[in-house]
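Input: a single structure, listed below in structure tokens.
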2 protein chains.
Amino acid sequence: MPRRVDHEERRRELTAALLRIASTRGLQAASMREVAAEAGVSLRLVQYYVTDKRTLMASGLAELTARLDRRVRDRAAALGSGLPPRTVLEVVLGAILPTDDDSRADQLAWTAYYAAGLTDPANAVDGQYAPHALERWLTGVLTRAIEDGQVSSDRDPRIEVVSLLALTNGLVSSVLGQQRTVEDALAVVRYRLDRLFPAS
Amino acid sequence: MPRRVDHEERRRELTAALLRIASTRGLQAASMREVAAEAGVSLRLVQYYVTDKRTLMASGLAELTARLDRRVRDRAAALGSGLPPRTVLEVVLGAILPTDDDSRADQLAWTAYYAAGLTDPANAVDGQYAPHALERWLTGVLTRAIEDGQVSSDRDPRIEVVSLLALTNGLVSSVLGQQRTVEDALAVVRYRLDRLFPAS
DNA sequence: AACGTTGAGATACAGTCGTACCACAAAGCT
DNA sequence: AGCTTTGTGGTACGACTGTATCTCAACGTT
């Protein structure tokens, strides 16, 4: 039945299957055959559309960073512009935390990739997912909040942002490991923001 | 040459070999044969002294938590008792960060175990390494600091400690991923502590 | 109508994995 | 002295891995 087929679409399905396995059973379990079974196709087709395992893994990582980036971007865009810095920070950091099943699955897969990249330079995660862009954006937001007098001027916006991102990262870990609920994690973030933005 | 041999000692050597592999090439690469080669013995001996791979992995995790715990405990004990809460926090949090090659290797192995445990319930890390004990201890320290007036009474010691530990955890990740130096990470921790303990 | 390209199935191959098994030498015990 | 335990080597087995190959049906082009 060789109807003409959209290779890009096929690859996306296979990548999604890979990430589904990675988030549930780990990257370890993500063999070519398992990906084929998860996608409901033959092993041969995985080879055909994806050629290598390396390229499959690479597109899995690319898809993952795109998803995480999109989640933050969408959440921020949905709230329009011109909202108070404190709200921006809360929304953005909240978008990183694994709140629903999808984001939790993605964060699990991300953690697997991250750990793999620490020892195997092959599929290394360059930085955090777009860390520089996010970091610089939030630093700008916080800097403006200081200039507006909403935040004490003896705060270092750069270090505050780094600190908030690292905190959120740590909270993500503990939520994934089920030592904490997402609600508790969000409460910690809000607590930090409350101290950063004193009641006017 | 069947001289009588210390099984416990042998197991410790094999466990060390496992962790050496895990921290350099990842848990993925830690096969029985690789552990044997790293320890300079035959595959058969690894089987003999360690029987299973599961038990080898388990003792690797146990050794790792023991090391990390010991690092914190030693560092704290080396400073004697009766020192200011701010110093206690700085020393303990600093002991978690990967400062030298050994602690960096251990944290790398720990991350590998942690990631593996998220998807594979077999070798799951129960909590953080002794998270409850450490958390409760530091909370007590901070509570006393509040009672002494060194820390503002509108701070929640529980959440402050959770926040500091999650922050440190996030910093460890970024240091391992070489997005930050240990010095930068330590500076962030000190910055946070400076705000928690205002200049007297 | 003929043919080359594309999509798909099945299977083969070489390697690695954890584990099991067989053999045997050195030591301790009686 | 003889036998049982303990330590060690080598190797085999079945399962799984990524990749390569051989085959063929259905379509588009000429």
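Note on naming: letters A, B, ... go to the chains in the order of the sequence lines (proteins, then strands), and numbering restarts at 1 for each one.
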- Under 4.0 angstrom between B:His7 side-chain N/O and D:dT6 OP1 or OP2: no
Show every donor-acceptor pair shorter than 3.5 Å between a side-chain atom in residues 45-54 of chain A and any protein atom, with sequence neighbours excluded, or say none if there are none.
unit_1, atom_1, unit_2, atom_2, d
A:Lys53, NZ, A:Ala30, O, 3.2

- For atom CG of B:Leu18 and atom P of C:dG18, their distance in whole Å: 11 Å
- Message: Could you tell me how far apart A:Met57 (CE) and D:dT19 (C1') are, to the nearest whole angstrom?
- Response: 16 Å
- For B:Arg54, which contact category applies under a 4.0 Å heavy-atom criterion: base, sugar-phosphate, or nothing? nothing
- Item | Protein-nucleotide distance (A:Asp6, atom CG; C:dT6, atom C1'), rounded to Å | 14 Å
- Can you tell me the distance, in whole Å, between the CD atom of A:Glu34 and the P atom of D:dT19? 16 Å
- Item | Modelled atom types, side-chain donor and acceptor of B:Asp100 and B:Ser103, under 3.5 Å | yes
- Value in whole Å for how far the C1' atom of C:dT16 lies from CD1 of B:Ile21: 15 Å
- B:Leu14 CG to D:dT8 P, straight-line distance once rounded to whole Å: 11 Å
- Note on the structure: Checking C:dG18, C:dG7, C:dT19 against the side chain of A:Tyr49 (C-beta onward), the nearest is C:dG7
- Test side-chain contact (heavy atoms from CB on, under 4.5 Å), reference B:Arg104, set B:Asp102, B:Leu108, B:Asp106, output is B:Leu108
- Residues B:Arg192 and A:Ser163: side-chain donor-acceptor under 3.5 angstrom: yes
- Query: Side chain of B:Ser152, backbone of B:Arg155: donor and acceptor closer than 3.5 Å?
  - Reply: no
- Message: Among B:Arg12, B:Arg11, B:Arg10, which residue satisfies the salt bridge (Lys or Arg N to Asp or Glu O under 4.0 Å) criterion with B:Glu8?
- Response: B:Arg11
- Message: Can you see if the side chain of B:Tyr48 gets near the phosphate of D:dG9 - specifically, an N or O under 4.0 Å from OP1 or OP2?
- Response: no
Output one line per pair: protein atom, nucleotide atom from nucleotides 9-14 of chain C, and distance, for all N/O pairs under 3.5 Å.
unit_1, atom_1, unit_2, atom_2, d
C:dG9, OP2, A:Ser42, OG, 2.9
C:dG9, O6, A:Arg44, NE, 3.0

- Item | Nearest listed nucleotide, side chain of A:Met32, among D:dT19, D:dT17, C:dG18 | D:dT19
- Message: Can you tell me if B:Asp6 has over 12 outside heavy atoms packed within less than 6.0 Å of its CG?
- Response: yes
